[in-house]
Student: 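Have a look at this one before I ask anything.
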Amino acid sequence: MDVSEERLRKLDSLVAGGEEPFGVGQGLADRRLIAEILGAEDPDAEPQAGVCIAGRVTALRDHGNSMFFDLRDVSGRLQAYLQKKVVGPERFELLKNGLDLGDFLAVSGGLGRTRKGEPTVFASAAQLLTKSLAGMPKEHFGLADVETRYRQRYVDLAANPESFERFQIRSQALAEMRRFLEQRAFMEVETPVLHPIAGGAAAKPFITHHNTLDIDLYLRIAPELYLKRLLVGGFERVFEIGRNFRNEGLSPRHNPEFTMLEAYWAYARGYDWLPLVETLLSDLVREHGAFGRGDAELRETQLPWGDAGVVVDFAPPFARRSYAELLREHADADAFDEASLHAAARREQIDVEGRTIAQVTDDLFGACVEEHLVQPTFVTDFPLTMSPLSKAAPEDARVAERFELFAAGMELANGFSELNDPAEQLARFEAQVSSRDPELPSEVDHDYVNALRYGMPPAAGIGIGVDRLVMLLTATPTIRDVILFPLLRPTGRS
RNA sequence: GGGGGUGUAACUCAGUCGGUAGAGUAACGGCCUUUUAAGCCGUGAGCCGUGGGUUCGAGUCCCACCGCCCCCA
């Protein structure tokens, strides 16, 4: 008889004994109140306050005529103590023989402490809320198999407290980002995910089809072009937090669907974002980082990258380095000289044939420079050739007023002064189309150009990769560990 | 797409030179009314990822395939 057969047998005996293994819930004490009671009372006092708590049984310690069990809910673990002499022999035997790790249980009784000081509900009554029919890994060992952790995230969350906490931090970080922007008068908006033209970034899109209109549509690779249409309409500060989809490889830093924060700020210039980004990131690391909580001064996070790990210091200001300077330093190439870039690319065995200079430059930067950008660094003054949606810098037409933020060798953010000249934008779109690059749109987004004809105020835009930011906050080296249900190849097994 | 690694009980993992499949936990039975990885005694538990091959004999060696992980393109 295997584990689930045993549990079905117990289910029958519990039902026969009057339990409702899949019944309705009931009102329960807030465990924060319990914490207050425990904090206020005399630790030596007899249990007095009557409480009712519920949770999942994560440990069972059977002493024959009494038993301890740990009940875990979202607030943590609380011990309950069940005694035969209190609940009566029939009830006691029914629960003792029927309970398993993983079951949900409600317990009411006096709240107090054991001789060893452990906060405990001394149960006068206990009621099964839900029977768990599948064997749960014991908490002490957890669930280590990464494939099971991703395919059955519910088991991972239930068995691995650090995974549970990681996703709580992700949620807190998202809430903090919204609060940060709303405090600065940014308005959250929702723009389409289904795009007739996949624009706003260089990436291969997912293609889908709408039956009634009988048209192919793309899952968005970026919300950028829609958000900027809103600036034309008069909204001056907008942001969107949402999923982007890029039909590309999977890696520890890439998932085909990922979460991006994009914000647009009318009348600002690209580099106006820098102090805001410094404040947002250092606040996030201090308030929500896995290693920063509770310490107002600490803005560092210890990352398990490399052999020894690395400490990343998010205290502002972050370093600023120009793109050309970094490319010169680490790739010995001139960012504005095509022959020099091609020569450096060949040295690094980067494909040159049939590829645009923007792609070659980007690959060269990725191969030679990114790994060196461990401490938070704003890379500034991107070559205009690789910034098709950016306005040229007034001081130097070769570059855009564009930056990317790197930390721990990862790109975290990308922002710039937005191009708002419709004729210039049209020319750049036409150049993209004629390049026949599969990562660039195959047709010109004439409606976007038309929107610009109505007039878009000068503006600064930014995109922040939320998943990677959460990786930094939680010192997690794999994007799959900060995405609840990462993409895996489906299996036929049940 | 290429290379490397990995897959053994519900969970975490051993398995030597090719020679009867192992431990802890969980489960089951027994004892135990303050434990907290509870303890003690006992029992059952396996498509060794899948399919071929070599061999008297394969978890182990070879080939292919599948999943997952890492690196590279």
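Here is how names work: the chains are called A, B, and so on, in the same order as the sequence lines, proteins then strands, and each is numbered from 1.
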Student: Which base sits across from C61(B) as a Watson-Crick or G-U pair, both distances under 3.5 Å?
Tutor: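 By the stated definition (distances under 3.5 Å), G53(B) pairs with C61(B).
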Student: In whole Å, what separates the C1' atom of G53(B) from that of G18(B)?
Tutor: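 So the two C1' atoms sit 15 Å from each other.
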Student: In whole Å, I'd like the distance from the CG atom of Asn160(A) to the C1' atom of A37(B).
Tutor: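 So the two atoms are 16 Å apart, to the nearest Å.
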Student: Answer yes or no for this row: Phe141(A) ring on C11(B) base, centroids under 5.5 Å, planes under 30°.
Tutor: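 One would not call Phe141(A) stacked on the C11(B) base.
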Student: Which listed nucleotide (A38(B), U12(B), C69(B)) is nearest to the side chain of Tyr150(A)?
Tutor: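 Out of A38(B), U12(B), C69(B), the nucleotide with an atom closest to Tyr150(A)'s side chain is C69(B).
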Student: Tell me the partner of C11(B), counting only Watson-Crick (N1-N3 plus N6-O4 or O6-N4) or G-U wobble (N1-O2 and O6-N3) with both under 3.5 Å; none if nothing fits.
Tutor: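 Its partner is G24(B) (Watson-Crick or G-U wobble, both distances under 3.5 Å).
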Student: Rounding to the closest angstrom, what is the interatomic distance between C11(B) and G4(B) at atom P?
Tutor: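 These two P atoms come out 29 Å apart once rounded.
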Student: Below 3.5 Å, does any donor atom in the side chain of Arg115(A) face an acceptor in the base of U34(B), or the other way round?
Tutor: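 Absent.
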Student: Take atom C1' in G5(B) and the same atom in G44(B), then report the distance between them in whole Å.
Tutor: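 Each nucleotide's C1' atom is 35 Å from the other's.
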Student: Just wondering, do Thr361(A) and Thr385(A) contact through their side chains at under 4.5 Å, heavy atoms?
Tutor: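 They are not in side-chain contact.
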Student: When the C1' atoms of U16(B) and C61(B) are considered, how many whole Å apart are they?
Tutor: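 15 Å, rounded to whole Å.
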Student: I need the CZ-C1' distance between Arg149(A) and C68(B), as an integer number of Å.
Tutor: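 Nearest whole value for this atom pair: 13 Å.
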Student: Under 4.0 Å between any heavy atoms, over every strand shown, what does Arg480(A) touch: base, sugar-phosphate, or nothing? Just pick one.
Tutor: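 Answer is sugar-phosphate: Arg480(A) comes under 4.0 Å of backbone atoms only.
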Student: Select base, sugar-phosphate, or nothing to describe what Asp62(A) touches, counting heavy atoms under 4.0 Å on all strands.
Tutor: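 Base contact.
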Student: Report yes if at least one side-chain N or O of Lys138(A) is closer than 4.0 Å to OP1 or OP2 of A26(B); otherwise report no.
Tutor: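 Yes, such a contact exists.
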Student: For the residue pair Ser387(A) and Arg402(A), confirm or rule out a side-chain donor-acceptor distance under 3.5 Å.
Tutor: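 Yes, a side-chain donor-acceptor pair sits under 3.5 Å.
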Student: Please name the nucleotide paired to G1(B) by Watson-Crick or G-U wobble geometry with both distances under 3.5 Å, or report none.
Tutor: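 Partner of G1(B): C72(B).
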Student: I'd like to know if the side chain of Lys85(A) and the backbone of Ser66(A) have a donor-acceptor N/O pair within less than 3.5 Å.
Tutor: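 Checked: no pair found.
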Student: Please tell me which of the listed nucleotides, A38(B), U33(B), C69(B), lies nearest to the side chain of Arg61(A)?
Tutor: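 Of A38(B), U33(B), C69(B), A38(B) is nearest to the side chain of Arg61(A).
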Student: Between the base of U34(B) and the side chain of Glu118(A), is one N or O donor paired with an acceptor at under 3.5 angstrom?
Tutor: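 Looking at the base of U34(B), it does not pair with any donor or acceptor on the side chain of Glu118(A) (distance under 3.5 Å).
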Student: Given the C1' atoms of C28(B) and A45(B), what is the spacing between them in whole Å?
Tutor: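 To the nearest whole Å, 10 Å.
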Student: Starting at the 5' end of RNA chain B, which residue's closest nucleotide do you reach first, Lys85(A) or Asp100(A)?
Tutor: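 With Lys85(A) and Asp100(A) compared, the 5'-side residue is Asp100(A).
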Student: So, is Arg77(A) near the phosphate of U36(B), with a side-chain N or O under 4.0 Å from OP1 or OP2?
Tutor: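 For U36(B), neither OP1 nor OP2 has a side-chain N or O of Arg77(A) closer than 4.0 Å.
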Student: Would you mind reading off the distance between Arg253(A) atom CZ and C69(B) atom C1', rounded to a whole angstrom?
Tutor: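 Atom-to-atom, Arg253(A) to C69(B), this comes out as 16 Å.
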Student: If you pin Ala59(A) and Lys84(A) to their nearest nucleotides in RNA chain B, which one's is more 5'?
Tutor: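 Taking each residue's closest nucleotide, the earlier one in sequence belongs to Lys84(A).
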Student: Determine the Euclidean distance between corresponding C1' atoms of C48(B) and C32(B); express it in Å to zero decimal places.
Tutor: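 Comparing C1' positions in C32(B) and C48(B) gives a spacing of 38 Å.
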Student: Taking the same atom, C1', in C17(B) and in U60(B), what whole-Å distance lies between them?
Tutor: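 Result for the C1' pair: 10 Å, nearest Å.
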Student: If I take atom NZ in residue Lys96(A) and atom P in nucleotide A27(B), what distance separates them, rounded to the nearest angstrom?
Tutor: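 Taking atom P of A27(B) as the reference, NZ of Lys96(A) is at 13 Å.
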Student: Could you tell me whether the side chain of Leu389(A) reaches within less than 4.5 Å of the side chain of Phe429(A), counting heavy atoms only?
Tutor: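 Touching, per the 4.5 Å side-chain cut-off.
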Student: Starting at atom CG of Leu101(A), determine the distance to atom C1' of A37(B), rounded to an integer number of angstrom.
Tutor: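 Leu101(A) atom CG is separated from A37(B) atom C1' by 12 Å.
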Student: From the list U33(B), A38(B), A27(B), which nucleotide is the closest neighbour of the side chain of Ser66(A)?
Tutor: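 Looking only at side-chain atoms, Ser66(A) lies closest to U33(B).
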Student: Measure the acute angle between the ring planes of Phe245(A) and Phe206(A), then classify it against the limits of 30° and 60° as parallel, tilted or perpendicular.
Tutor: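 Judged by the thresholds at 30° and 60°, the geometry between Phe245(A) and Phe206(A) is perpendicular.
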Student: Answer with yes or no whether the side chains of Thr476(A) and Arg166(A) bring together a donor and an acceptor at under 3.5 Å.
Tutor: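 On atom types as modelled, these side chains qualify, holding a pair under 3.5 Å.
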Student: For the side chain of Pro252(A), starting at C-beta, report the closest nucleotide among U33(B), U12(B), C70(B).
Tutor: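 Selected nucleotide: C70(B).
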Student: The side chain of Asp145(A) is closest to which nucleotide in this list: C28(B), U12(B), U34(B)?
Tutor: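 The nucleotide sitting nearest to the side chain is U12(B).
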Student: In whole angstroms, how far is the P atom of A26(B) from the CD atom of Glu6(A)?
Tutor: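 So the two atoms are 15 Å apart, to the nearest Å.
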Student: Without decimals, in angstroms, what is the distance between Leu364(A) CG and A73(B) P?
Tutor: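 So the CG-P distance, Leu364(A) to A73(B), works out to 13 Å.
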Student: Between A23(B) and C68(B), how far is it from one C1' atom to the other, in whole Å?
Tutor: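 My reading of the C1' atoms in A23(B) and C68(B) gives 26 Å.
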Student: Taking atom C1' of C72(B) as reference, at what distance in whole Å does atom CD of Gln349(A) sit?
Tutor: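 From Gln349(A) CD to C72(B) C1': 11 Å.
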Student: When you check the phosphate oxygens OP1 and OP2 of C66(B), does a side-chain N or O of Arg489(A) lie under 4.0 Å from one of them?
Tutor: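 The answer is no; no side-chain N or O of Arg489(A) sits under 4.0 Å from OP1 or OP2.
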Student: Of the options Lys138(A), Lys10(A), Arg56(A), which is the one that meets Asp100(A) in a salt bridge (Lys or Arg N to Asp or Glu O under 4.0 Å)?
Tutor: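 Single salt bridge (Lys or Arg N to Asp or Glu O under 4.0 Å) partner of Asp100(A) among Lys138(A), Lys10(A), Arg56(A): Lys10(A).
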Student: Of the options G67(B), U34(B), C11(B), whose atoms approach the side-chain atoms of His63(A) most closely?
Tutor: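 Closest nucleotide to the His63(A) side chain: U34(B).
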Student: Give none if U6(B) has no partner; otherwise give the nucleotide forming a Watson-Crick or G-U wobble pair with it, both distances under 3.5 Å.
Tutor: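 Pairing partner, where one exists within any strand: G67(B).
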Student: Under 3.5 Å, is there a donor on one side chain and an acceptor on the other for Ser340(A) and Asp337(A)?
Tutor: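 On atom types as modelled, these side chains do not qualify, holding no pair under 3.5 Å.
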